[in-house]
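Residue numbering restarts at 1 for every chain, and letters A, B, ... go by the order of the sequence lines. No hydrogens, no waters, no symmetry mates; every other heavy atom, side chains included, goes into these values. Since this is a predicted model, take the numbers as computed values, not measurements.
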Protein chains: 2
Amino acid sequence: MAKALPQTAGSPWPTAEDRDRVRLRKKEAVLSAAVRLFNSKGFNATSLDDVAEALQVTKPTIYHYFANKDEILFECVRRGLCSINDAAARVAAQGGSGADRLRALMTDYAKVMTQDFGMCVTRTADSELSAESRSQFRALKRQIDLTVRRVVEEGVKDGSLHTADARLATFTMTGALNWIGRWYDPEGEMSAEAVAAGIVSTLMNGLAATGKAA
Amino acid sequence: MAKALPQTAGSPWPTAEDRDRVRLRKKEAVLSAAVRLFNSKGFNATSLDDVAEALQVTKPTIYHYFANKDEILFECVRRGLCSINDAAARVAAQGGSGADRLRALMTDYAKVMTQDFGMCVTRTADSELSAESRSQFRALKRQIDLTVRRVVEEGVKDGSLHTADARLATFTMTGALNWIGRWYDPEGEMSAEAVAAGIVSTLMNGLAATGKAA
DNA sequence: GTACGATTTTACTCATGAGTATAGAGGTTA
DNA sequence: TAACCTCTATACTCATGAGTAAAATCGTAC
């Protein structure tokens with residue numbers, strides 16, 4: 001199997017850093033193959049032999065990069081959640097009205113949900129993770145929820161948003177966004193941007209034609 | 001184990017119908033125990049020994065009422081989906097503007113999602129069902145989606161609703177509603193009615209304070 | 001060339017849980 | 001009384017898949 005050539009010009013002999021880089025790439029390849037299989041067949045229905053086969057290696061090779069199956073799944077969902085978290089933190093810090101920030105946040109959130117690791121978050125049930133991973137998983141989700149909710153509350157305070165119950169409104173929103181990971185098909189006609197724009201528009205403006213009806 | 005007494009007064013000896021009724025009640029008990037365990041621990045993490053234990057019987061007893069584990073899961077999701085379908089069909093047929101009908105539909109949909117079989121629908125991934133059950137599962141979901149979408153389209157036509165893309169708006173809506181099944185806690189503070197009312201209001205009116213902003 | 005460390009393979013172990021064979025208990029029908 | 005049906009339990013089979021032990025390969029370091 002061809003080894004990645006050193007990036008630094010000159011010597012064809014790989015340095016220690018080159019070897020580390022190759023190791024990381026292989027780890028990434030495992031994650032990438034795993035998340036795709038998890039998303040399409042489900043975590044439980046995917047054996048590590050399946051993942052190994054997709055990579056043209058054998059199962060023990062995978063165990064050379066990860067301690068166990070749970071660690072692989074957790075790393076997948078952790079990445080998805082961190083992407084959302086980054087978007088939320090970025091937006092929470094920036095300027096603009098609450099409505100502006102919420103719109104930006106939802107748009108980024110939606111885009112993450114169209115990607116492999118984002119989809120994995122929605123498709124993974126708490127029960128599939130080990131006890132330790134599960135508690136971290138929940139903590140990350142809670143943190144995202146709180147950040148989003150704070151943006152909503154600030155929007156209500158500055159008058160750009162309106163809702164009777166910020167917590168429930170946040171669940172409504174994140175529900176619609178999380179659900180993307182259940183139906184979105186990257187091979188389909190709609191681009192991630194179009195999906196994000198449409199959903200954000202519906203969530204911000206509502207379905208009622210009159211705007212603020214009862 | 002005490003056998004249910006005959007409902008028809010008089011003779012204490014059970015008739016054939018009494019026996020059928022008892023059998024049905026036992027089948028129901030299996031389903032009820034199973035759906036609760038599936039919802040709390042996940043389908044894969046729940047063994048039929050667990051279900052049997054919850055009912056104080058042994059596994060072969062369960063197999064006397066159901067052919068296999070898949071049949072049990074499918075019956076659970078089928079019931080959830082049929083409840084939604086019934087609500088959708090009922091509302092689609094009734095009078096009122098598209099907005100009125102959509103509001104009623106969403107409210108019923110939300111309530112189903114707070115109940116055992118409804119929650120099971122959201123918590124069950126396609127991959128957990130057998131090939132045959134999966135295709136029926138998908139067909140039922142598709143039918144619901146189409147019914148809901150039709151109501152949206154009629155609302156747009158009669159001017160009571162507004163959206164650029166009825167399909168995407170339907171996904172936004174059903175996503176928010178389906179998500180209830182992931183977070184709602186029947187033991188919690190919020191009643192199913194309050195949750196339904198809040199989510200429907202947010203979906204109809206949007207989060208933006210100005211109503212019809214960009 | 002020898003030793004070493006990282007990588008990958010072959011060839012296992014072992015727990016779990018779905019599903020079954022079979023027998024027994026209890027009541028019903030002929 | 002005997003044949004029978006329904007229901008339930010005991011005591012299995014068997015496939016699957018996570019995880020591992022141990023050896024082979026290969027490049028690098030001394």
Side-chain angles (χ1 to χ4, degrees), chain A residues 1-6 11-30 33-34 37-38 41-74 127-131 133, chain B residues 1-6 11-30 33-34 37-38 41-74 127-131 133:
Chain A
M1 197 156 280
K3 189 174 282 185
L5 289 181
S11 169
W13 283 274
T15 65
E17 291 92 57
D18 287 328
R19 261 175 272 127
D20 282 358
R21 211 171 295 131
V22 169
R23 186 174 214 290
L24 267 187
R25 286 165 71 109
K26 290 188 181 172
K27 231 184 142 167
E28 290 298 313
V30 171
L37 285 168
F38 292 165
K41 302 173 50 171
F43 175 72
N44 276 293
T46 301
S47 72
L48 288 190
D49 282 316
D50 292 336
V51 177
E53 194 187 348
L55 292 165
Q56 311 258 41
V57 294
T58 58
K59 190 167 50 169
T61 299
I62 293 179
Y63 278 93
H64 189 254
Y65 294 93
F66 293 94
N68 50 48
K69 202 184 175 189
D70 175 69
E71 186 178 304
I72 297 176
L73 177 60
F74 180 66
S127 60
E128 291 172 319
L129 290 159
S130 68
S133 301
Chain B
M1 198 157 279
K3 189 174 283 186
L5 288 181
S11 168
W13 283 275
T15 65
E17 291 92 60
D18 288 328
R19 261 176 272 126
D20 282 358
R21 211 171 296 131
V22 169
R23 190 186 158 77
L24 265 187
R25 286 165 69 109
K26 291 188 182 171
K27 230 184 141 166
E28 290 298 314
V30 172
L37 284 168
F38 292 165
K41 302 173 50 172
F43 175 71
N44 277 292
T46 302
S47 72
L48 288 189
D49 282 315
D50 292 335
V51 177
E53 194 186 348
L55 292 165
Q56 311 258 42
V57 294
T58 57
K59 191 167 51 170
T61 299
I62 292 179
Y63 278 93
H64 189 253
Y65 294 94
F66 292 92
N68 50 48
K69 201 185 175 190
D70 176 68
E71 187 178 302
I72 298 177
L73 177 61
F74 180 67
S127 60
E128 291 172 318
L129 290 158
S130 69
S133 301

Exercise. Taking protein heavy atoms under 4.0 Å as touching, what does nucleotides 9-22 of chain C look like 5' to 3' if B marks base contact, S marks sugar-phosphate-only contact and - marks none?
Worked result: BB------SBBB--
Seminar exercise, completed: H64(A) atom NE2 is separated from dA6(C) atom C1', nearest whole Å, by 6 Å
For this session: Decide yes or no for K26(A) and V30(A): does some side-chain heavy atom of the first lie under 4.5 Å from some side-chain heavy atom of the second?
Result: no
Exercise. Just how far, in rounded Å, is C1' of dG19(D) from OH of Y65(A)?
Worked result: 18 Å
Exercise. Does R23(A) have a side-chain nitrogen or oxygen under 4.0 Å from the phosphate oxygens OP1 or OP2 of dA6(C)?
Worked result: no
Problem set entry | Within-4.5 Å side-chain heavy-atom neighbours: R21(B) and L24(B) | no
Problem set entry | salt bridge (Lys or Arg N to Asp or Glu O under 4.0 Å) involving E53(B) - partner list, sequence neighbours excluded | none
Problem set entry | Separation of dA6(C) C1' from R21(A) CZ (nearest whole Å) | 18 Å
Problem set entry | I62(B) CD1 - dC7(D) C1' separation (whole Å) | 14 Å
Problem set entry | Nearest non-hydrogen partners of F38(A) and K69(A), listed with the distance | CE2-CE, 4.5 Å
Quick one: side chains of residues 57-67 of chain B, donor-acceptor pairs under 3.5 Å with protein atoms, not counting sequence neighbours, listed by atom name and distance.
| from | atom 1 | to | atom 2 | distance (Å) |
| --- | --- | --- | --- | --- |
| T61(B) | OG1 | T58(B) | O | 3.3 |

Exercise. Within the structure shown, what part of the strands sits under 4.0 Å from F66(A) by heavy-atom distance: base, sugar-phosphate, or nothing?
Worked result: nothing
For this session: Would you indicate whether the side-chain heavy atoms of I72(A) and V51(A) approach each other to under 4.5 Å?
Result: no
Exercise. Think K26(A) has a side-chain N or O under 4.0 angstrom from the OP1 or OP2 of dT8(C)?
Worked result: yes
